[in-house]
Every structure is written in structure tokens, then in C-alpha cells.
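What follows is a set of notes on a single structure, which appears directly below.
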Amino acid sequence: MGLQAEWSVYTMSDMDRLCFDTTKIDKIQELRGRGVTVYPYTFERKDTVEEIRERFSAIGHEKSEEAVSTAGRIYIVRQHGKTIFADMGDSCGRIQLYLRKNDLGEEQFELFKQYVDAGDIIGVVGHVFRTKMGEITIWVDRFELLTKSVCPLPEKFHGLKNVETRYRQRYLDLIMNDESRETFRTRSRIIALLRQFLFEREYLEFETPTLQPIYGGANARPFTTYHNALDQKLYLRIAPELYLKRLVVGGFDKVFEIAKNFRNEDIDTNHNPEFSMVEIYEAYRDYNDMMDLTEEIFAHLAEKVCGNTTVLFAGQDLDFSRPWRRLSMEEAVREYAGIDFQAMSLEELRAFGLEHCVEGCESATTRGEYLVLFFEHFGEKQLIRPTFVYDFPVENSPLAKKHRTKEGFTERFELFIAGMEMANGFSELNDPLDQKARLELQDAKRRRGDLEAQMIDYDFINALGYGMPPTGGVGIGIDRLVMLLTGNDSIKEVLLFPQMKTIPGSNGSEPEQDGGEE
RNA sequence: GGGCCUGUAGCUUAGUUCGGCAGAGCGACGGACUCUUAAUCCGUAGGCCAAGGGUUCAAAUCCCUUCAGGCCCGCCA
């Protein structure tokens, strides 16, 4: 047993790792023999498929006066002797090509017939017309092979369905599946709209460190790495929070960052080890203001992206129109667990939790811990339409400011939609002494083996020591937001390259253990 | 970590219940065809059924182990 035996099973030759089709490689040799440049450098594309479709939407059966020049990938070729029809597509759509031996001449026509296959990328110059069957078509005057594909394309009708292949070879998914391409186009648009929304309101966008000597801003296990020259351990950030607050201390009073965060935890339908989040901080605001801002952002994006404030997700209509339901965590527990939390003693809470098999109750010791456990057990999954839950116990909110009136609570909220946590925000804790005490508690938990507890960042505490104005902050999970707005119920469907286990032998040799040495 | 499900040709899949020579469509290759569009028609090649082991006269099919993936739960922002 052992590694040796396991790896030897997976030894692969090049052709096992590659999907190259030998007949296509032969074609390349033959093309070169005929003096054809198989991988040329440019093509003067003057029109996209979309532009052509728009411009010639009213075209008749006569060829257009105006010539077009466009390029794209061949998806299907239909040969008819001295005529060929082909479907060509670019990033926005497909269009039919019509090639005739009479027009192209013997040599060009035979070149296409013999050597241009589905998957290849070509450029065409021609005129537009409508076929007898009513299809807008480019009548090709000349074409140019721009890239020869050597891997076979999946089937033209069913396309690529295999989920694992779609994730592992996303490029192929994007080539074959319009819905997938549409999802990622929308993702790009959502992020652009989000930036625009914040820029218009004069927030400044910054980039803070991804490699951090001390991780913080969330409770999660980090990825650990090492800097050789500095000879020290570094962590991939689990959140940008502590750095963004330093910027608020420094005087930037409206800031945001669209951050990739990294958390070394399990992968499932709505968790990926690296994920995107927008964090926003604004001085002189509190958590009520941040709930308002969150609502505005979601409603704005839903309307821009989906055309209205109702979106269909996992078979349910989600209404994003404002105002959203807001209930305190105690109210949520009253509603979903059916108990009056305030009226119950610690013993009664414990008994209730054990009776209902609420996870974590065995080790819970404070009222706040029970409250959170009950909320998560009874409430969280029930919150389908957008709902803010606010006022969290101080125990599990080490960076949130103590509640202005409720003893033992913080001014913190989370947003739930479709049972998913979508956003998390607070009136930021800006009392340096309180912050120090809270992080010391976290550190003690961490030393006792709580792998998700936070580290003490003394420089951050010092920053607060110089004075951070009253500040509201919120973080919004971008991937989950994209899930909602594109109707995908798995995070992998909205991540271009979701984390997958490497298939042994598929990646060539691995670097040395301590790679990176010059 | 626990449960359920899936893996058959380049792609989409039938066959697994109840063991009996692994089937199809598309694609590829060769041929016919000047308005087709999942083109059509004729012909050819291609898979040892995720990997390994076991039961059996006989295994894609039953059993075990492993690998990868999906869904759910646990854990976790």
C-alpha cells in the first residue's frame, strides 16, 4: 500500500492527459503543407454577430449591398455537395454561414470542406441575406482559418451536460452552454452595477492585503502559507474587515472593497473555500443605516438585472421590494421556536434545547449562546423572503458595538434570503478598550482549541485607539447574491472555477515541498 | 464525519430490478447531394463498462475496497 502503489496506478502518457484528436492533428500538417497559416495573428473583425443580426433584421432574400466581416467558432457544418451551411457563434450569439463553390472557387471551397470542422475558429467576409427558410445568413465571399481546434467538441444537440466536466473544464461549458455563459455575463454585470452604485454615492474602493500576518474579521479557519524572504507565517485573509476599518480611522469615511476571502472549511452548495464579498464601511452611520443601504443595493440590482423586484429562486418567488421584514433575534426565536426567551431561566433554556435536540446545547453556557443556537436551529432555514434579523448576543459578535439599550446584546444584523445568510453588518465596535477585551476572549477560546476563534490584532486595536468615528459596516456575499439573481441554487454554478479535487496524475509533476526558492 | 445517489465510445445515453456475446443517436472517417438548420442518404472504424479485488460455468449487472462527482445532514459565517 502507501503512496507509491497508489500513484503508479495513475501514471499517464501525454495522450491520456490530452483530448487531442489525431485526425485533426494530421489535418494541421496537411494544411501547413498547402501553405495555410493555421494559427494566424489577427483578423479584421468589423461586426459582431449581434450587430449583424440587429442591422439586418429586416433583410430579404436578396444579398445586402453592404459587406460584413465577422469571426467566431464553427459549431455545426452541414455539407450539401457544392454548398455548405455552417453555424458560427461568438460571445453573444450564433449566425448561419452559406458557402458556395461557385463563389469561393475550387480551392477555397475544398479547403473548407476538407479542413474546417466544428470547433474551429474562422473569420468571414460576405453579404447578408435571408434564406428561403427565413434564416438570416452570411453569404460568404471569403473565409480565413483563424484557429484550428484539435479537441473534439461535445455533441451538437445535447451539448455538455456532465456536471463534473462542466466544472472542471469550464471553458468547454462556456463554449457549449448558452445558459452558463449567460450566468457569468450576469455575474460580471452585477459586480459592475454594484461598483457603479457605490461610486455614485461617493464610496472609495480600495484593495487591502490578501496575505495577512494576523487573520481576523470573521470566525473561520484560515489557509496558512509562508513567506520565505520574511521567514514568517502568513495567512490568506478570511475577511478584509480589520484593514478597511483602519482606513476609516485614517479618515476615509466611505470605503468598500470587493474582496476574495479564503476559508479553510467544507465545500457544499453554498460554500467554496474562496469566495467573493463586498464589504462597505461608512462613518457616522449605524446598523440601521446599513440595513437600509443593504436593502437599496439588493433592490437596485434585482431591478437592473431581472427587470423587476421579484426573482424566481429554487421554485419560489422572492420579492425584493422594500421595506423588508426586520425582526430581532429574540422575536425570531419567539416566532420559530415558539418560546419567550426573556422569560426563561438558563436552566429552562438548556432543558428546551436538549429536548429539541438543538446542536451545541451540551456545551453552551450562556443565555446568548442558547439564543443563537435556537435561532440557527429553528429560524434560519425558514427565512425565505428577505428578512433582517438584528440584535445578536455579544458572545458571538466580537467586532460589533454593544447595544445602546439592550444589555448583553450588540447592534448587529444578518440578512437571510431563501434560507441563506446573505449579509452581515453592525454598528462597528470603536471602543478600543472593549475591543481589546473582546479579542482577548476570542484568543482565549482559540487557545482552548476553538479553531474558528479570532486572533488578537494589537495594531488594529491601536488603530481604534487613535479613534474611529461611529461607523456602520456591512458585508454582502457576492456569490450568493449572484445565485439569487441568476436562479442558480448551487454556488458552483456561479463560480467560474469552483474548487475541485485534483485528479491524480492530471497536473504533471508537483513542485518540491518548499518550492519558490530561487 | 454520516446518509442517499451517480460514473457505460469524444458527447448524450439504453442495458443493472431478475447475471448469458455491450446497443443506439450525434460526432469522426469514406462516398452522394447548390437554400440546409439536430440536414438527408449509403458505408467504415471506435467502448472491456471509473479503478482494483471477490462470488460464479458466466459479471457493466451481485458483493467488498478505492477514486471522482452530485444531493442532503453535521460542522462552519
Side-chain angles (χ1 to χ4, degrees), chain A residues 1 5-7 9-10 18-24 26-27 61 75-87 94-104 109 113-114 117-119 129-137 139 149-169 172 176 217-221 238-239 241 261 263-271 273 275 277 357 359-360 372 376-377 380-381 392 396-397 412 414-416 420-424 450-454 475 477 480 489-490 492-493 498 500-506:
Chain A
M1 286 297 289
E6 236 172 274
W7 283 85
V9 171
Y10 288 101
L18 301 172
C19 60
F20 291 7
D21 177 343
T22 52
T23 67
K24 287 176 188 261
D26 291 343
K27 283 184 181 180
H61 298 305
Y75 280 91
I76 303 176
V77 179
R78 292 180 291 279
Q79 298 199 5
H80 288 260
K82 297 180 180 67
T83 303
I84 298 170
F85 286 93
D87 295 344
R94 295 190 188 184
I95 195 162
Q96 179 168 261
L97 307 179
Y98 180 52
L99 301 90
R100 303 197 330 162
K101 195 169 188 172
N102 287 8
D103 306 319
L104 289 171
F109 188 79
K113 194 171 169 183
Q114 294 291 320
D117 301 310
F129 77 112
R130 193 179 291 277
T131 64
K132 283 177 187 166
M133 301 301 289
E135 180 85 23
I136 290 183
T137 301
W139 191 310
S149 162
V150 296
C151 295
L153 230 44
E155 205 232 356
K156 63 188 175 191
F157 185 61
H158 296 94
L160 177 64
K161 293 271 179 287
N162 186 287
V163 176
E164 187 175 348
T165 310
R166 287 185 45 240
Y167 295 159
R168 288 189 189 276
Q169 296 179 266
L172 199 51
M176 296 307 297
N219 293 341
R221 300 172 65 175
I238 58 174
E241 173 155 348
N261 294 338
R263 299 187 184 175
N264 205 340
E265 281 160 12
D266 272 1
I267 298 172
D268 64 28
T269 335
N270 38 42
H271 295 86
F275 64 101
M277 168 160 286
C357 299
E359 311 80 21
V372 172
E376 287 171 352
H377 183 85
E380 202 169 311
K381 287 282 182 294
F392 284 50
N396 74 336
S397 309
R412 173 183 181 183
E414 286 188 348
L415 168 64
F416 294 90
M420 284 192 292
E421 181 196 330
M422 297 299 303
N424 177 20
D450 181 346
L451 297 166
E452 283 89 27
Q454 303 195 24
R480 292 179 183 177
D489 55 14
S490 168
K492 288 191 171 78
E493 292 290 348
M500 304 284 274
K501 180 131 181 165
T502 305
I503 297 172
S506 65

TODO: In whole angstrom, give the distance that lies between atom CE of A/M133 and atom C1' of B/U37.
DONE: 8 Å
TODO: Counting heavy atoms from C-beta on, name the nucleotide in B/G69, B/U34, B/U37 closest to the side chain of A/T131.
DONE: B/U37
- [ ] Sort out the partner of B/A39 for me: Watson-Crick or G-U wobble, both distances under 3.5 Å, none otherwise.
- [x] none
TODO: Calculate the interatomic distance between A/E164 atom CD and B/C5 atom P; express it in whole Å.
DONE: 19 Å
Open item on the list: Go nucleotide by nucleotide along RNA chain B from the 5' end; which of A/F85 and A/A423 gets its closest nucleotide reached first?
Closed with: A/F85
TODO: Could you pull out all residues at least two apart from A/E359 that satisfy side chain to side chain contact (heavy atoms under 4.5 Å, CB included)?
DONE: A/H377
Task: Closest nucleotide among B/C71, B/U36, B/C75 to the A/D268 side chain - done: B/C75
Task: Test side chain to side chain contact (heavy atoms under 4.5 Å, CB included) applied to A/D450 - qualifying residues, sequence neighbours left out - done: A/K445, A/E452, A/A453
- [ ] Taking only the side-chain nitrogens and oxygens of A/R168, find out if one of them lies under 4.0 Å from OP1 or OP2 of B/G69.
- [x] yes
TODO: Grab the CD1-P distance between A/I267 and B/G69 for me, whole Å please.
DONE: 8 Å
- [ ] Could you tell me whether A/M500 contacts a base, only the sugar-phosphate backbone, or nothing, with contacts defined as non-hydrogen atoms closer than 4.0 Å?
- [x] sugar-phosphate
Open item on the list: For the backbone of A/N270 and the side chain of A/R480, can you confirm whether one donor and one acceptor N or O come within less than 3.5 Å of each other?
Closed with: yes
Open item on the list: Can you work out whether A/H377 or A/S490 has the more 5'-proximal nearest nucleotide on RNA chain B?
Closed with: A/S490
- [ ] For A/D266 and B/G70, give me the distance from atom CG to atom P, rounded to whole Å.
- [x] 13 Å
- [ ] Quick one: look up who B/C18 pairs with, Watson-Crick or G-U, both distances under 3.5 Å, and put none if it's unpaired.
- [x] none
Open item on the list: Under 4.0 Å, heavy atoms only, any strand: does A/Y98 hit a base, just the sugar-phosphate, or nothing?
Closed with: base
TODO: Check whether any side-chain N or O of A/R78 sits under 4.0 Å from OP1 or OP2 of B/A39, and answer yes or no.
DONE: yes
Task: Under 4.0 angstrom between A/K501 side-chain N/O and B/A68 OP1 or OP2 - done: yes
Open item on the list: Taking side chain to side chain donor-acceptor pair (under 3.5 Å) as the definition, give me every residue that meets it alongside A/D489, ordered by chain and number, with sequence neighbours left out.
Closed with: none
- [ ] For A/H61 and B/U36, give me the distance from atom NE2 to atom P, rounded to whole Å.
- [x] 12 Å
Task: Nucleotide B/G70, atom C1' - distance to CG of A/D489 in whole Å - done: 12 Å
- [ ] Provide, to the nearest angstrom, the distance between the CZ atom belonging to A/R94 and the C1' atom belonging to B/U36.
- [x] 16 Å
- [ ] Using a 4.0 Å heavy-atom cut-off across all strands, classify A/H271 as base, sugar-phosphate, or nothing.
- [x] base
Strictly under 3.5 Å: I want the nitrogen or oxygen pairs between protein and nucleotides 22-32 of chain B, one per line.
from: B/C26; atom 1: O3'; to: A/K156; atom 2: NZ; distance (Å): 3.1
from: B/C26; atom 1: O2'; to: A/E155; atom 2: OE2; distance (Å): 3.3
from: B/G27; atom 1: OP1; to: A/K156; atom 2: NZ; distance (Å): 2.6
from: B/C29; atom 1: OP1; to: A/K27; atom 2: NZ; distance (Å): 2.6

- [ ] Could you check which nucleotide pairs with B/A28 in any of the strands shown, counting Watson-Crick or G-U wobble with both distances under 3.5 Å?
- [x] B/U44
Open item on the list: Of the listed nucleotides (B/C11, B/G69, B/U36), which one gets closest to any side-chain atom of A/P154?
Closed with: B/C11
Open item on the list: For A/H80, give me all partners under ring-ring contact (aromatic ring centres under 6.0 Å, His included), at least two apart in sequence or on another chain.
Closed with: A/F85
Open item on the list: Counting distance alone, no hydrogens or angles: does the base of B/G69 have a donor or acceptor under 3.5 Å from a partner atom on the side chain of A/N162?
Closed with: no
- [ ] Would you indicate what A/Q96 reaches in the nucleic acid, counting non-hydrogen atoms under 4.0 angstrom: base, sugar-phosphate, or nothing?
- [x] base
TODO: Please report, rounded to the nearest Å, how far the C1' atom of B/G1 is from the CD atom of A/E359.
DONE: 15 Å
Task: Partners meeting ring-ring contact (aromatic ring centres under 6.0 Å, His included) with A/F129 (sequence neighbours left out) - done: A/Y98, A/W139
